[in-house]
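Since the structure comes first, as structure tokens, the remarks are kept for the end.
Values reported hereafter were calculated over all heavy atoms of this structure, with side chains retained and with hydrogens, waters and symmetry mates removed.
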Amino acid sequence: MANIKSAMKRAQIAKERNLKNAAEKSTLRTAIKRFEEALASANVELASSTLKAAVVKLDKAAGKGLLHKNAVARKKSHLTKKLNDLVQNAG
């Protein structure tokens with residue numbers, strides 16, 4: 001443990017940020033899982049709305065520096081492709 005007051009404060013801030021980032025990532029993974037559950041049920045409308053919610057959360061994560069922008073772009077692309085495949089097979 002640090003002895004210097006500023007170092008102790010930085011350690012405390014790091015812990016708080018770690019908890020906040022973990023919570024943000026958890027909500028992001030939950031949004032993606034909800035989309036995948038909607039895909040599994042083959043409900044196009046529900047899948048479309050949950051995809052929009054997941055994309056918003058992904059974009060916010062990229063803006064906050066939680067995930068790299070290219071990783072977010074890749075995830076959005078994969079999710080959108082899954083929805084498009086569902087729409088083609090359903091239609």
Side-chain angles (χ1 to χ4, degrees):
M1 186 66 190
N3 292 326
I4 299 170
K5 188 175 182 180
S6 62
M8 287 189 273
K9 184 176 179 182
R10 296 307 304 169
Q12 181 62 33
I13 290 171
K15 282 183 187 177
E16 291 169 1
R17 287 185 178 172
N18 184 273
L19 290 173
K20 184 178 177 187
N21 288 340
E24 288 287 330
K25 284 186 179 182
S26 177
T27 59
L28 179 63
R29 285 191 295 266
T30 302
I32 292 172
K33 284 180 187 174
R34 285 194 180 132
F35 168 70
E36 290 174 348
E37 288 170 0
L39 275 179
S41 68
N43 187 342
V44 176
E45 291 180 15
L46 181 62
S48 179
S49 64
T50 54
L51 174 65
K52 288 178 185 176
V55 166
V56 167
K57 289 194 182 288
L58 283 166
D59 287 335
K60 285 187 179 184
K64 293 177 182 177
L66 203 58
L67 296 173
H68 193 275
K69 65 177 186 169
N70 291 351
V72 169
R74 182 179 64 245
K75 287 179 188 287
K76 288 181 353 186
S77 175
H78 289 174
L79 296 176
T80 305
K81 186 177 184 322
K82 287 180 182 179
L83 178 65
N84 290 340
D85 290 344
L86 175 68
V87 170
Q88 275 186 338
N89 292 337

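- From Leu79, atom CG reaches atom CD1 of Ile32 across 5.5 Å, with rounding to the nearest 0.5 Å.
- Residues satisfying the side-chain contact (heavy atoms from CB on, under 4.5 Å) test with Ala2, not counting sequence neighbours, are Ala7, Met8.
- Note that the NZ atom of Lys20 and the CG atom of Leu66 stand 10.0 Å from one another [nearest 0.5 Å].
- Around the CD1 atom of Ile4, the shell of radius 6.0 Å holds no more than 12 heavy atoms that belong to other residues, nucleotides or ligands.
- Residue Ala38 comes nearest to Thr50 through the heavy atom pair CB-OG1, 3.9 Å, listed as atom of the first residue, atom of the second, then distance.
- Under the rule for a side-chain contact (heavy atoms from CB on, under 4.5 Å), the partners of Lys76 that lie at least two apart in sequence or sit in another chain are Val55, Leu58, Asp59, Val72.
- With rounding to the nearest 0.5 Å, the separation of OG in Ser48 from CG in Leu39 is 10.5 Å.
- Listed by first and then second residue, the salt bridge (charged side-chain N to carboxylate O under 4.0 Å, His left out) pairs that reach into residues 28-46 are Glu36-Lys82, sequence neighbours excluded.
- With sequence neighbours excluded, the residues forming a salt bridge (charged side-chain N to carboxylate O under 4.0 Å, His left out) with Glu24 are Lys64, listed by chain and number.
- Using a 4.5 Å cut-off between side-chain heavy atoms of Ile, Leu, Val, Met, Phe, Trp and Tyr, with links allowed through other members, Leu86 and Leu46 fall into different hydrophobic clusters.
- A search for side-chain contact (heavy atoms from CB on, under 4.5 Å) contacts involving Val56 returns Lys60, not counting sequence neighbours.
- Applying the side-chain contact (heavy atoms from CB on, under 4.5 Å) test to Ala11 and every residue at least two apart in sequence or in another chain returns nothing.
- Lys81 pairs by the salt bridge (charged side-chain N to carboxylate O under 4.0 Å, His left out) definition with Asp85, not counting sequence neighbours.
- The heavy-atom pair separating Ala54 from Leu28 by the smallest distance is O-CD1, 4.4 Å.
- Taking Lys9 as the reference, nothing meets the salt bridge (charged side-chain N to carboxylate O under 4.0 Å, His left out) condition, with sequence neighbours excluded.
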